[in-house]
Amino acid sequence: MSVYTDIEAAVMPVLAQMEYNGINLDVPNLEVYSEKLGEKIQALETGIYTKAGMEFNLNSPKQLGEVLFDLLQLVEKPKKTKTGQYKTNEEVLSGLAHEHEIVREILDYRGLTKLKSTYVDALPKEVLPATGRIHTTFSQAITTTGRLSSVNPNLQNIPIRTEEGREIRRAFIPREGFTLLASDYSQIELRIMAELSGDQGLREAFIHGEDIHTATAARVFSVDKADVTREMRSKAKMVNFGIIYGISAFGLSQRLGIPRKEAQEIIEQYRANYPGVQDYLDSTIEFAQKNEYVQTIAGRRRYIRDINAKNQMVRSGAERNAINAPIQGTAADMIKIAMISIQKMIEEKQTKTKLLLQVHDELVFDLALDEADELIPLIEEKMRSAIPMEIPIIVESGTGSNWLEAH
DNA sequence: AACCTCACG
DNA sequence: ACGTACGTGAGGTTC
């Protein structure tokens, strides 16, 4: 019996080819950016030490916690980590930002040093002299859900959410005379949830091409879709994510910054408005309780051995795993099947275009300009049809002279 | 090596 | 009373 599914066996040579291909990095621009970040970091550091009235190692959460909570005493009862240190993570610091100017500067310092050490300074060292390109390694036997992972370097967590981070994404560039193509699945996990659950409301929203977060907002807040505010949509987006992750009132209240009772009401509204989803989640957990595993559409199993645990915390965690794994795993199956069929096409056509990266719901190609018109529709179609579904599967593509522009 | 933090989907 | 959203990898500090 193989430890790999058929899909994994078939995608293996595709991954080998992607690793071999590698991607170009604009090292000179990153070196300029490193200098610039270094200066900003230096300035922040000086300001922080002045405001603290002492110098310390800003990179040490332990020392930082002592400065903020023992020396400056910013709060009465600071949160602690499980080993008894003060917590100084982004969530805690954001909550303290109005207490003291220093906190904002620490957050800025944290953000910039993260970018500099993990990406700007680290990535150029990963360029292979022989090819002048970055070659990641994709692992297929790491995750519990069937996703790939990427190491040495990890190219699945390149920044995109902040302006400063996006500068790093700009450094990923095509070969001379080529363009980068990024094709990604739109809201794939929610579509899979709609498919697996068969929930009528969720299905109709996708079939009618509605904005899914707005549709959910209208339902959970009992308003007309036209009257959904940005705040309502933003909250509904968190609810939708929460559903995929195995929502709890506590978890949702944390993320929305609202009392648990309100979060509970939102969840109850969701359940009442999407009864098919609720039934699906219940039956998934029942299946797991009986079989001690759950599975994806393609039959990939995740064993959930804690599903009948006595300890409620452990059991709840297992239930979240049972809910999330078939959804995340089906999305992983889908994109792997697409990769197999796209690589086959590329080889048969002997294109200059090459598949470079996979980032869970996205494929990145080094695209030959004269092949774009022919290949983009074919790539999109292979992604859409990898696992046939009743729910429409939407793929969005973009091209550009770097990875950021391709989005 | 464990811990904390934070980058991504 | 307690305390968590799912899945990863990497850098820096501390022990």
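Because only heavy atoms are used, hydrogens play no part in the values below, and waters and symmetry mates are left out as well, while side chains stay in. Proteins come first, then strands; the chains are lettered A, B, ... in the order of their sequence lines, and each starts at number 1.
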For Glu292(A), salt bridge (charged side-chain N to carboxylate O under 4.0 Å, His left out) partners two or more places apart | none
Can you measure [X] atom [atom1] to [N] atom [atom2] for me and round it to whole angstrom units?
{"X": "Phe69(A)", "N": "dC4(B)", "atom1": "CZ", "atom2": "P", "value": "14 Å"}
{"X": "Asn59(A)", "N": "dT14(C)", "atom1": "CG", "atom2": "P", "value": "9 Å"}
{"X": "Leu357(A)", "N": "dT8(C)", "atom1": "CG", "atom2": "C1'", "value": "16 Å"}
{"X": "Ile327(A)", "N": "dA5(C)", "atom1": "CD1", "atom2": "C1'", "value": "13 Å"}
{"X": "Met383(A)", "N": "dG9(B)", "atom1": "CE", "atom2": "C1'", "value": "13 Å"}
{"X": "Leu115(A)", "N": "dT5(B)", "atom1": "CG", "atom2": "P", "value": "18 Å"}
{"X": "Ile168(A)", "N": "dC8(B)", "atom1": "CD1", "atom2": "P", "value": "9 Å"}
{"X": "Lys116(A)", "N": "dA7(B)", "atom1": "NZ", "atom2": "P", "value": "16 Å"}

Under the 6.0 Å and 45° cation-pi test, does Arg260(A) pair with Phe250(A)?
-> no
Within 45° of the ring axis of Tyr185(A) and under 6.0 Å from its six-membered ring centre, is that where the NZ or CZ of Arg191(A) lies?
->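 Negative - Arg191(A) is either too far from the ring of Tyr185(A) or too far off its axis.
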Using a heavy-atom cut-off of 4.0 Å across all strands, would you classify [X] as base, sugar-phosphate, or nothing?
{"X": "Ser60(A)", "result": "sugar-phosphate"}
{"X": "Gln254(A)", "result": "nothing"}
{"X": "Ser316(A)", "result": "nothing"}
{"X": "Gly242(A)", "result": "base"}
{"X": "Leu148(A)", "result": "nothing"}
{"X": "Thr113(A)", "result": "nothing"}
{"X": "Asp184(A)", "result": "nothing"}
{"X": "Ile244(A)", "result": "nothing"}
{"X": "Gln85(A)", "result": "nothing"}
{"X": "Asn154(A)", "result": "sugar-phosphate"}

Measuring from the side chain of [X] (C-beta onward, heavy atoms only), which nucleotide among [options] has the closest atom?
{"X": "Ser248(A)", "options": "dT8(C), dT4(C), dT5(B)", "value": "dT4(C)"}
{"X": "Lys114(A)", "options": "dA5(C), dT5(B), dT14(C)", "value": "dT5(B)"}
{"X": "Tyr119(A)", "options": "dC4(B), dA5(C), dA7(B)", "value": "dA7(B)"}

Record whether the side chain of Arg255(A) comes under 3.5 Å of the base of dA5(C) through a donor-acceptor pair of N or O atoms.
->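 Such a pair exists between side chain and base.
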Hey, is the main chain of Leu115(A) close enough, under 3.5 Å, to the side chain of Thr118(A) for a donor-acceptor pair?
-> no
For [N] and [X] - does any side-chain N or O of the residue sit under 4.0 Å from the phosphate oxygens OP1/OP2?
{"X": "Thr81(A)", "N": "dC4(B)", "answer": "yes"}
{"X": "Thr144(A)", "N": "dT8(C)", "answer": "yes"}
{"X": "Arg302(A)", "N": "dG7(C)", "answer": "yes"}
{"X": "Asn57(A)", "N": "dT13(C)", "answer": "yes"}
{"X": "Arg147(A)", "N": "dG7(C)", "answer": "no"}
{"X": "Ser150(A)", "N": "dT8(C)", "answer": "no"}
{"X": "Thr88(A)", "N": "dT5(B)", "answer": "yes"}
{"X": "Thr118(A)", "N": "dA7(B)", "answer": "no"}
{"X": "Arg110(A)", "N": "dT5(B)", "answer": "no"}
{"X": "Asn321(A)", "N": "dG7(C)", "answer": "yes"}

Report, as yes or no, whether the 6.0 Å neighbourhood of atom CD on Glu91(A) holds more than 12 heavy atoms from other residues, nucleotides or ligands.
->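 No, not enclosed.
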What do you reckon, is NZ of Lys51(A) surrounded by more than 12 foreign heavy atoms closer than 6.0 Å?
->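 Buried by this count: over 12 neighbours within 6.0 Å.
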So, Phe365(A) versus Phe178(A), ring centres under 6.0 angstrom or not?
->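 Judged by ring-centre distance (under 6.0 Å), Phe365(A) and Phe178(A) do not meet the cut-off.
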Using Watson-Crick or G-U wobble pairs with both distances under 3.5 Å, give me DNA chain C in dot-bracket, 5' to 3', with [ ] for crossers and | for pairs to another strand.
-> .....|||||||||.
Answer with yes or no whether the side chains of Thr216(A) and Tyr274(A) bring together a donor and an acceptor at under 3.5 Å.
-> yes
Verify the distance criterion only: is there a donor paired with an acceptor across the side chains of Gln358(A) and Glu362(A) at less than 3.5 Å?
->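 The answer is no; no qualifying pair exists.
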